[in-house]
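Shown next, in structure tokens, is the structure this report addresses.
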Amino acid sequence: MAVDTPPPPPNVLRETHYVPYENDRFAKAHQWASEQVARKFPGAVEVLTTLDSLIKQQMNAE
């Protein structure tokens, strides 16, 4: 004789953790700081341009 029984309730596992995500706060701050340095020290523009180029190269290499 078969007995119809309801299925057991589902076992739901919840997991909560932080997931890193990209934001551009650093990029905005770096841009602002570079503009301030270029304004105060006009001779540093070439160094800032080189710095930006190296940062882009490093980011593309990753």
Side-chain angles (χ1 to χ4, degrees):
M1 177 170 159
V3 178
D4 290 334
T5 59
N11 187 9
V12 178
L13 299 175
R14 297 188 189 271
E15 182 177 337
T16 304
H17 61 278
Y18 291 100
V19 178
Y21 65 96
E22 284 192 45
N23 62 28
D24 60 350
R25 286 183 60 216
F26 178 82
K28 288 179 182 178
H30 184 272
Q31 179 66 33
W32 177 84
S34 295
E35 290 170 1
Q36 298 304 310
V37 169
R39 184 176 59 82
K40 291 180 182 179
F41 307 103
V45 173
E46 185 177 331
V47 174
L48 292 170
T49 304
T50 303
L51 179 65
D52 286 340
S53 176
L54 289 171
I55 289 171
K56 288 175 186 173
Q57 287 178 29
Q58 177 64 26
M59 291 177 67
N60 289 333
E62 291 179 352

Over 12 non-hydrogen atoms of neighbours within 6.0 angstrom of CD in Glu46
no

With sequence neighbours excluded, what pairs up with Val45 under the side-chain contact (heavy atoms from CB on, under 4.5 Å) test?
Ala38, Thr49

Residues forming a side-chain contact (heavy atoms from CB on, under 4.5 Å) with Ala27, sequence neighbours excluded:
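Listed in chain order: Asp24.
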
What distance do Arg25 atom CZ and His30 atom NE2 have between them, rounded to the nearest 0.5 Å?
15.5 Å

Donor-acceptor pairs are to be reported for all side-chain atoms of residues 53-62 against protein atoms at under 3.5 Å, with residues two or more places apart or in another chain.
from, atom 1, to, atom 2, distance (Å)
Ser53, OG, Gln57, NE2, 3.4
Gln58, NE2, Glu62, OE2, 3.4
Asn60, ND2, Lys56, O, 3.2

Give the cluster check for Val37 versus Leu51: same hydrophobic cluster or not, with ILVMFWY residues linked at side-chain heavy-atom distances below 4.5 Å.
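They do not share one cluster, since no chain of ILVMFWY contacts under 4.5 Å joins Val37 to Leu51.
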
